[in-house]
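Please read the structure below before turning to the comments.
Model, not experiment: these values are computed from the prediction.
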Amino acid sequence: MTKLQLLKEEIKKLAPEELAQLRNWFLELDAQQWDREIEQDAASGKLDKVFEKSLTDHRAGKSREI
């Protein structure tokens, strides 16, 4: 059995409160990892073209407030 399969089986055994705590912990962990990835992509220049395109579109009136 793989680690993932073992984890899935153990998660199924959690009480509802424990499952809620695990869910909240995992969502926070996932958000932190996503933030780090975006920061790394921005620092490396991977997002420069997307930024320039969005800025050009905005200046051309192709954007709206959200």
First locate atom [atom1] of [X], then atom [atom2] of [Y], and finally report the distance between them rounded to the nearest 0.5 Å.
X	Y	atom1	atom2	result
Lys8	Met1	NZ	CE	10.5 Å
Arg23	Glu28	CZ	CD	15.0 Å
Lys46	Gln40	NZ	CD	8.5 Å

Problem set entry | Side-chain heavy-atom pair Gln21, Glu17 within 4.5 angstrom cut-off |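 Side chain of Gln21 against side chain of Glu17, heavy atoms only: contact under 4.5 Å found.
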Exercise. Going by heavy atoms in the side chains, are Leu6 and Glu10 under 4.5 Å from each other?
Worked result: no
Exercise. Going by atom types alone, do Glu9 and Gln5 pair a side-chain donor with an acceptor below 3.5 Å?
Worked result: no
Exercise. Tracing side-chain links under 4.5 Å among I, L, V, M, F, W and Y, which residues wind up in one group with Leu7?
Worked result: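 Members besides Leu7: none; it forms no cluster.
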[X] and [Y]: same hydrophobic cluster, using ILVMFWY side-chain contacts below 4.5 Å?
X	Y	answer
Phe26	Leu14	yes
Leu27	Leu22	no
Leu4	Ile11	no

